[in-house]
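Each remark here refers to the structure printed beneath this line.
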There are 2 protein chains.
Amino acid sequence: MNDDGLSTAIRVERPAKTLRELALDKVREAIVNGYFRPGDRLVERDLCAQLGVSRTIVREVLRHLESEGLVANLPNKGPIVAQLNHDEAKQIYEIRAALEGMAARLCAEQNNPAIADALDKSLEDIRQSYRGKDMAGVLAHTSSFYQTLFSSVDRHVAWGVVNLLTVRINHLRSMTIKTRDRDVQGPAQMARIVDAIRRGDGEGAYRAAMEHVASASAIAQAVLSDRQPAD
Amino acid sequence: MNDDGLSTAIRVERPAKTLRELALDKVREAIVNGYFRPGDRLVERDLCAQLGVSRTIVREVLRHLESEGLVANLPNKGPIVAQLNHDEAKQIYEIRAALEGMAARLCAEQNNPAIADALDKSLEDIRQSYRGKDMAGVLAHTSSFYQTLFSSVDRHVAWGVVNLLTVRINHLRSMTIKTRDRDVQGPAQMARIVDAIRRGDGEGAYRAAMEHVASASAIAQAVLSDRQPAD
DNA sequence: TGGATGATTTTGGTACGCCATATTATGGTA
DNA sequence: TACCATAATATGGCGTACCAAAATCATCCA
């Protein structure tokens, strides 16, 4: 669908954003939130029509998404939305565990209460979104939580990697947060990360972050087993 | 790939790679091994002439490299070869440490002597290259060592991330391996990783891998301080 | 029925043109 | 001479048209 109804603010649409970047965001969003499904073919000229841009733009966008891993290119058949199998999802969660664990440890070692405060703020937003059944909000604020985790210790490269991987499992995320008790367990686990950071307990923060991702991964595996019979 | 062994004789040797991929490799290689230097402008029409391809291809290649982090795009000025500063290099080494440490631990937990044997093989190749002062060989076999580390435990996603990050610090790598004693210290550190893996000592393998990257990072920082006055 | 043949679709690739902006000459005036 | 307005150039951003090769689908004939 046309999901251009997302204008949450009086965003000035002109500055710096090139047409290509706008198209890139649109297509990425369309893939991430399921308008294009895994395995769907992305026919260049169709996309041109749907986006209202030229083939030049569409091709660049497809190449970009390809290198992000959201799109796969079958030789002589063209681009399709990348399919995520069991194993790959597991690996992505594993990498996130390693990097988020690392960031959590670094945060704890800063001994700066402001970090824990900021994380608590995001955590409260997450709980609030859960209460309002606003799942998009849960995802957004969870992202914000982790962004704080990484940017508090100036690890923007690692944050970039995590972000890159996260878009590939976005539809899994939106399903894991909807499972039973996740509205309680998820924030509780994240609270343990924050507590350890506040205590300056690097090892504890590391383990808590790893455990949180591990539990998300387990749920994701279960979800995948449920709806994906085979690859 | 295509092993339809019908009439292989007449089968025209088709370069499975598309022109775009060829161009991508060429430009990436040109950046990685210093033909294009950090900060150099990459003028589209010039690249067309140098590569002998159309502007469409060049633009797609530039977009791809941009998302790899090898090329930066200045608004209203166009693409340049990305500059790597101190801090970013440090972060990249840190991420590699986390992921290679993870892979090393997983290898150790496999308790499969064949893995350690394969790693020893790469290690011997590295030593051989050092003896022959073949620095390109050192880099290639070091890559091969780590690829074995990741692929032995089927972590191709993490390997992809490490690879992506590694190209951005390639020129640093080629300088760190040329520093004094690195021909002895480097392989010795890697041997400790292999030993721990052979012993099935996950924690030891993890620490050994982290330490190896940490020492490479330290050398890289020193090298950067030497030749890079300021950002 | 089965296979050769042709039409269609789609990607891969090229060439060219137009516009907007940024930089650099350039030239004229105080 | 100093300085500012203007023109020329360079370059990226974007669009269109076109062609070739490959895959797929439809058709028709032995």
Side-chain angles (χ1 to χ4, degrees), chain A residues 12-28 30-31 36-37 39-68 70-83, chain B residues 1-8 10-28 30-31 36-37 39-68 70-83:
Chain A
V12 191
E13 296 230 357
R14 271 299 100 195
K17 279 277 187 185
T18 154
L19 192 55
R20 165 171 49 87
E21 292 172 297
L22 292 174
L24 175 61
D25 290 343
K26 273 261 188 279
V27 177
R28 186 180 11 231
I31 293 177
F36 293 128
R37 310 271 281 283
D40 279 4
R41 293 191 62 182
L42 298 171
V43 177
E44 288 182 7
R45 278 149 177 107
D46 290 356
L47 282 178
C48 293
Q50 292 184 56
L51 293 168
V53 298
S54 75
R55 247 185 99 204
T56 309
I57 304 287
V58 168
R59 290 181 58 144
E60 289 176 56
V61 166
L62 288 174
R63 242 85 274 166
H64 195 117
L65 293 173
E66 186 186 345
S67 76
E68 279 185 14
L70 271 182
V71 163
N73 229 323
L74 310 183
N76 289 324
K77 288 199 65 179
I80 63 171
V81 177
Q83 318 213 16
Chain B
M1 318 280 151
N2 279 341
D3 46 346
D4 43 5
L6 301 180
S7 51
T8 48
I10 318 180
R11 195 70 177 161
V12 173
E13 178 190 341
R14 184 190 52 173
K17 292 224 172 192
T18 157
L19 191 55
R20 166 170 46 85
E21 292 172 299
L22 257 27
L24 174 61
D25 290 342
K26 274 257 187 286
V27 178
R28 188 195 287 120
I31 293 177
F36 293 127
R37 311 273 281 281
D40 280 3
R41 293 191 61 182
L42 298 171
V43 177
E44 290 182 4
R45 287 162 171 97
D46 290 355
L47 282 178
C48 293
Q50 291 183 58
L51 293 168
V53 298
S54 74
R55 241 180 111 198
T56 309
I57 303 287
V58 168
R59 291 181 56 115
E60 288 176 300
V61 166
L62 288 175
R63 242 85 272 166
H64 196 115
L65 293 173
E66 187 186 345
S67 76
E68 279 185 13
L70 272 182
V71 164
N73 229 324
L74 310 183
N76 290 326
K77 290 200 66 177
I80 63 171
V81 178
Q83 318 215 20

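Computed from a predicted model, the values in this text were never measured in an experiment. Sequence lines set the chain letters: A, B, ... in the order given, protein chains first and strands last, and positions in each chain run from 1.
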Can you tell me the distance, in whole Å, between the CD atom of B:E60 and the P atom of C:dT14?
10 Å

Is A:R63 close to B:L24 at the side-chain level, that is, under 4.5 Å between some pair of heavy atoms?
no

For the side chain of B:P79, counting heavy atoms from C-beta on, which of C:dT10, D:dG12, C:dG12 is nearest?
D:dG12

Across the strands shown, which category fits A:L42 at heavy-atom distances under 4.0 angstrom: base, sugar-phosphate, nothing?
sugar-phosphate

Residues, nucleotides or ligands: over 12 heavy atoms within 6.0 Å of A:R37 CZ
no

Ranking D:dT16, C:dT10, D:dG13 by distance to the side chain of A:T18, first place goes to D:dG13

When rounded to the nearest 0.5 angstrom, what distance separates CD in A:E66 from CD1 in A:I80?
11.0 Å

Taken to the nearest 0.5 Å, the spacing of B:S54 OG from B:E44 CD works out to 10.5 Å

Does B:E44 or A:S54 map to a spot on DNA chain D nearer the 5' end, using the closest nucleotide for each?
B:E44

Regarding the side chain of B:V43, the nearest nucleotide among D:dT11, C:dG13, D:dG13 is D:dT11

Given C:dT14, C:dG17, D:dG15, which nucleotide is nearest the side-chain atoms of B:R55?
C:dG17

Separation between CZ (A:R41) and CG (A:L74), nearest 0.5 Å, reads 8.0 Å

Supply the atom-to-atom distance B:R59 CZ to A:R59 CZ, rounded to the nearest 0.5 angstrom.
11.5 Å

Expected rows: protein N/O vs nucleotides 23-25 of chain C N/O, under 3.5 Å:
none

Starting at CG of B:L19 and ending at P of D:dA20, how long is that distance when rounded to a whole Å?
17 Å

What's A:R20 touching, base or sugar-phosphate or nothing? Going by heavy atoms closer than 4.0 Å.
sugar-phosphate

Is there a donor-acceptor contact under 3.5 Å from the side chain of A:E21 to the main chain of A:T18?
yes

B:E66 has an atom CD; how far is it from atom P of D:dG12, in whole Å?
13 Å

Can you tell me how far P of D:dT11 sits from CG of B:N73, to the nearest Å?
15 Å

I'd like a table of atom pairs between the protein and nucleotides 19-21 of chain C - only N or O on both sides, under 3.5 Å - with the distance next to each one.
none

Taking the side chain as every heavy atom from C-beta outward, state whether B:L62 and B:L47 have any atom pair closer than 4.5 Å.
yes

Closest to side chain of A:I57, choosing from D:dG15, D:dG12, C:dG12
D:dG15

Could you tell me if the side chain of B:E68 sits less than 4.5 Å from the side chain of B:L65, heavy atoms only?
yes

Between B:L42 and B:V71, is any pair of side-chain heavy atoms under 4.5 Å apart?
yes

Provide, to the nearest angstrom, the distance between the CZ atom belonging to B:R41 and the P atom belonging to D:dA10.
12 Å

Separation of B:R59 atom CZ from D:dT11 atom C1', in whole Å?
11 Å

What integer distance in Å separates A:L47:CG from C:dT10:P?
12 Å

Nearest whole Å is fine: how far is D:dC14 P from B:R63 CZ?
9 Å

